[in-house]
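Every chain is numbered from 1 and lettered A, B, ... according to where its sequence line falls, protein lines coming before strand lines. These values consider heavy atoms only, across backbone and side chains, with no hydrogens, waters or symmetry-generated copies. If you're wondering where the values come from, they're calculated on a predicted model, not measured in any experiment.
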Amino acid sequence: MTTSTTHIPPIRSQVRDAITRAWERAIAAGSLPALPSDAEPVEVEVARPSHPEHGDLSTNLAMKLARPYRRSPLAIAGVLAEELALSGPGEEGGPLIAEAVAAAPGFVNVRLTDGALERSIDAILAAPQAWGRVTTQRPERVDVEFVSANPTGPLHIGNARGAFVGDLLCRVLEAGGHTVTREYYFNDFGGQIRQLGSSVAAHRAGTPPPEDGYRGAYVADLAAAMPEEVWQSASGLGADREWIVGTWASEEVRAGIEASLARLGVRFDRWTTEGSIHRDAWVDRAIGRLNEGGHLYEADGALWFRSTAFGDDKDRVVRRSNGELTYFGSDIGYLVEKFSRGFDRLIYVWGADHHGTVARLRNAAVAMGFDRDAVEVMLIAWVRFVRDGREISMSKRSGEFITLDELLEEIGVDAARWFFASRGHTSGIDFDIELAKKQSSENPVYYVQYAHARIASIVRKAREAGLSAASSVAGGLAGAPEAALAREVVRLPEVVEDAVAAGETQGVTAFATDLATAFHAFYRDARVVDSDEPERSRRRLALAEATRITLANALGLLGISAPDSM
RNA sequence: GUCCCCGUAGCUCAGUGGACAGAGCAGCCGCCUUCUAAGCGGCCGGUCGCAGGUUCGAAUCCUGCCGGGGACGCCA
């Protein structure tokens with residue numbers, strides 16, 4: 001596939017640059033003073049006004065300058081607007097700003113030229129793959145660890161949010177120019193594996209299940225699926241039965257988890273076991289590094305990390321008095337192992353119940369000589385699953401839980417992805433399965449997909465009529481329906497920029513909804529396929545195609561399909 | 001008791017320093033001989049939990065309180 005790597009700069013940054021230059025010119029011309037050297041630097045901010053009559057973009061620069069300049073914001077805005085109106089061609093060749101006006105209490109409102117919009121639309125058509133990818137001044141190698149559920153049972157719906165949010169974060173980082181490794185970490189040697197082994201073995205042997213064992217239906221399935229030779233070797237004289245069965249069963253479960261995640265559209269680059277971190281001496285290295293810095297001490301037979309020296313409220317045990325590592329002990333080894341792979345940043349996507357362990361992890365990172373800010377933890381609030389007003393337990397041991405696969409059957413991947421992509425990760429959510437099922441048919445995701453399918457249908461109709469899209473929309477955005485749609489289409493790069501900065505996708509779903517609305521209005525007001533007006537028709541087709549690409553790329557960023565028909 | 005998150009329309013949620021606070025769903029009224037009605041137009045709906053404070057400007061930042069959830073282990 002030949003794809004251009006051309007990046008189209010967001011119009012918002014073009015305008016920001018133009019305002020910065022206008023400000024500098026005003027200073028050079030003496031119509032505005034230079035910023036006092038002791039004043040705090042003022043950043044030029046450009047935002048979309050909430051009311052269309054205020055123009056396409058606006059800046060609050062004059063209001064921020066009012067205090068250091070000791071002049072009225074409106075007067076400063078007047079100078080900036082005047083200087084902006086005199087702006088020469090933008091960097092992309094051709095005038096950018098059609099009109100700049102000062103407005104109370106001190107905004108400068110900017111209206112874009114049709115030419116600026118046309119250049120952006122043409123660039124989409126020339127390089128559809130690149131549209132919506134943004135450049136970063138400092139691309140990073142980022143490791144994102146998420147899900148990381150131990151393979152003692154299938155993923156349940158409680159794991160869904162972390163899986164989607166982690167994957168969405170990865171997609172956003174990639175769209176922002178970063179290189180991402182998706183990583184899954186799990187325990188392959190602890191007591192949980194033995195517990196699973198004894199549960200499965202009891203089923204196979206027909207003896208009562210152990211107390212505190214796993215009880216879900218999957219345990220019976222595993223017992224039935226276990227090959228005879230595994231069972232034979234586990235049942236041999238002196239054989240470590242629960243270990244042999246547990247090891248076999250957990251790998252079986254892990255493979256099932258991988259398959260479930262694949263159905264969600266989530267794939268991992270790397271599966272790391274706690275055992276390998278231990279075996280490959282990463283924990284020893286971590287302990288060595290901490291020891292060198294004098295951050296460890298022994299007490300009551302256990303090995304402690306002096307986390308309080310970094311502001312934690314208590315010190316933390318690395319190795320228990322029985323010689324076994326704590327979870328935290330493995331974690332610091334894993335931290336060293338991750339950094340050894342050359343990452344600039346490690347992101348952990350954890351359930352909010354782990355918030356108490358964040359401080360010790362970052363403290364240990366600092367103690368071992370890493371940058372505190374290079375270790376980030378994204379805490380995902382819980383989803384409370386409810387059916388008919390009753391909360392559903394998520395315990396694998398009780399056996400009463402809904403698997404991820406069952407959830408997908410009920411509401412579908414695209415609707416589930418949209419659900420989590422459109423909400424922040426910090427607030428707790430009540431997820432009523434029956435309500436979700438009922439609402440899935442009227443989920444906004446279908447509204448957006450429908451707009452995409454509608455355009456695809458128009459393109460097919462056009463082809464039948466012998467019409468093809470123009471390669472440029474130049475001169476074609478003068479009509480009101482065209483201009484309104486184009487103004488929405490060109491926003492994608494800035495939406496992605498904001499998503500990258502926030503690590504969140506709510507802005508993308510909101511934008512996709514707005515763009516779908518804009519297209520449906522265009523569809524109502526402007527006939528695209530019209531053999532009597534072939535040139536206008538060809539330009540409208542080009543604009544429709546640019547809209548389709550934008551919808552597809554926005555949905556693609558969220559891992560949601562963009563169907564050609566519905 | 002200490003710490004973290006949340007509280008915005010009937011419901012589910014966006015908006016986290018800017019201009020008259022938004023969307024979807026629910027409710028009510030209208031629109032299919034014309035490129036997909038999974039659509040379009042209109043109406044209804046808000047003390048942004050409460051009280052102070054900072055600011056030219058606060059849903060957004062700070063403090064306190066109220067309400068909901070979570071965490072405080074040599075568990076994972």
Side-chain angles (χ1 to χ4, degrees), chain A residues 45 47 49-51 53-54 58-60 63-64 66-67 72-74 103-107 109 148-150 152 186-187 190-192 274 299-304 312-314 316-331 351-359 379-382 384 418-419 422-432 435-436 438-439 441-451 453-462 464-465 467 502 504 506-507 509-510 513-514 516-517 519-521 523-530 537 540-541 544 565-566:
Chain A
E45 280 180 80
S50 41
H51 301 280
E53 62 271 26
H54 293 138
S58 76
T59 182
N60 59 1
M63 287 182 282
K64 293 167 83 172
R67 180 185 287 274
S72 97
L74 200 55
F107 291 100
N109 294 329
S148 296
N150 280 336
T152 54
F186 65 101
N187 180 317
Q192 290 185 50
E274 193 174 345
D300 306 325
L303 185 65
W304 296 72
D312 203 350
D313 54 355
K314 50 187 83 155
R316 306 294 174 176
V317 172
V318 174
R319 195 171 50 219
R320 288 184 262 165
S321 50
N322 67 4
E324 281 178 36
L325 289 170
T326 59
Y327 180 83
F328 173 60
S330 299
D331 249 11
D353 56 336
H354 283 68
H355 98 86
T357 63
V358 175
L379 295 173
I380 310 295
W382 279 143
R384 226 172 119 256
W418 184 276
F419 181 87
S422 60
R423 287 157 169 79
H425 67 270
T426 51
S427 38
I429 294 178
D430 272 10
F431 194 117
D432 188 311
L435 207 61
K438 219 168 59 190
Q439 284 179 350
S441 57
E442 49 229 14
N443 191 303
V445 70
Y446 298 118
Y447 176 79
V448 175
Q449 290 181 321
Y450 182 70
R454 225 178 194 185
I455 299 173
S457 168
I458 290 172
V459 171
R460 285 192 297 270
K461 270 284 189 322
E464 287 167 20
L467 288 164
E504 300 256 32
Q506 300 95 288
T509 55
T513 308
D514 288 347
T517 298
F519 181 77
H520 289 310
Y523 177 88
R524 180 193 65 221
D525 296 332
R527 172 105 199 159
V528 176
V529 180
D530 182 359
S537 203
R540 282 183 173 171
L541 263 174
S565 67
M566 286 175 77

(request) Mind calculating the distance between CZ (A/F519) and P (B/C35) to the nearest angstrom? (result) 13 Å
(message) Nearest whole Å is fine: how far is B/G39 P from A/Y446 OH?
(response) 13 Å
(request) Would you mind telling me which of B/G39, B/G18, B/A19 lies closest to the side-chain atoms of A/Y447? (result) B/G39
(request) Would you indicate which nucleotide in B/G18, B/G39, B/A19 comes nearest to any side-chain atom of A/M63? (result) B/G18
(request) Assign A/R319 to base, sugar-phosphate, or nothing according to its heavy-atom contacts below 4.0 angstrom with the strands shown. (result) nothing
(request) Send over the distance from A/E464 CD to B/C35 C1', rounded to a whole Å. (result) 10 Å
(message) Please give the distance between the C1' atoms of B/C50 and B/U8 as a whole number of Å.
(response) 14 Å
(message) Could you tell me how far apart A/N443 (CG) and B/C13 (C1') are, to the nearest whole angstrom?
(response) 12 Å
(request) Could you tell me the separation between the CZ atom of A/R454 and the P atom of B/C35, rounded to a whole number of Å? (result) 10 Å
(request) Indicate yes or no: at least one non-hydrogen side-chain atom of A/S58 is less than 4.5 angstrom from one of A/P49. (result) yes
(request) Please tell me if the side chains of A/T357 and A/Y327 come closer than 4.5 Å, counting only heavy atoms from C-beta onward. (result) no
(message) Side chain of A/N109, heavy atoms from C-beta onward: which of B/U36, B/A19, B/C74 has the nearest atom to it?
(response) B/A19
(request) Using side chain to side chain contact (heavy atoms under 4.5 Å, CB included) as the criterion, point out the one residue from A/F519, A/Y450, A/Y523 that pairs with A/I455. (result) A/F519
(message) Please report the distance, rounded to the nearest Å, between CZ in A/R423 and C1' in B/A23.
(response) 11 Å
(message) Stem list for RNA chain B, please, built from Watson-Crick and G-U wobble pairs under 3.5 Å and keeping only runs of at least 3.
(response) B:1-7 with B:66-72, B:10-13 with B:22-25, B:27-31 with B:39-43, B:49-53 with B:61-65
(message) So if I take every side-chain heavy atom of A/K314 and compare against B/A19, B/A37, B/G73, which nucleotide ends up nearest?
(response) B/G73
(request) Can you tell me, in whole Å, how much space there is between the P of B/C62 and that of B/C28? (result) 43 Å
(message) Could you tell me how far B/A9 sits from B/G27 if I compare only their C1' atoms? Round to whole Å.
(response) 13 Å
(request) Identify which nucleotide among B/A76, B/C35, B/C74 has an atom closest to any side-chain atom of A/V528, counting heavy atoms from C-beta outward. (result) B/C35
(request) Have a look at A/S422 and say if it touches a base, only the backbone sugar-phosphate, or nothing, with a 4.0 Å heavy-atom cut-off. (result) sugar-phosphate
N/O contacts under 3.5 Å, protein versus nucleotides 3-7 of chain B?
residue: B/C3; atom: O2; partner: A/H355; partner atom: NE2; Å: 3.4
residue: B/C5; atom: O2'; partner: A/T426; partner atom: O; Å: 2.3

(request) Figure out the CG/P separation between A/N187 and B/A76, and round it to whole Å. (result) 8 Å
(request) Describe the nucleic acid contact of A/G424 in one word from base, sugar-phosphate, nothing, applying a heavy-atom distance below 4.0 Å. (result) sugar-phosphate
(request) To the nearest Å, give me how far apart CG (A/L303) and P (B/G73) are. (result) 19 Å
(message) Using a heavy-atom cut-off of 4.0 Å across all strands, would you classify A/A302 as base, sugar-phosphate, or nothing?
(response) base
(request) Check every strand shown and say whether A/H520 touches a base, only sugar-phosphate, or nothing at a heavy-atom separation below 4.0 Å. (result) sugar-phosphate
(request) Choose from B/A37, B/C74, B/A71 the nucleotide whose nearest atom is closest to any side-chain atom of A/D353. (result) B/A71
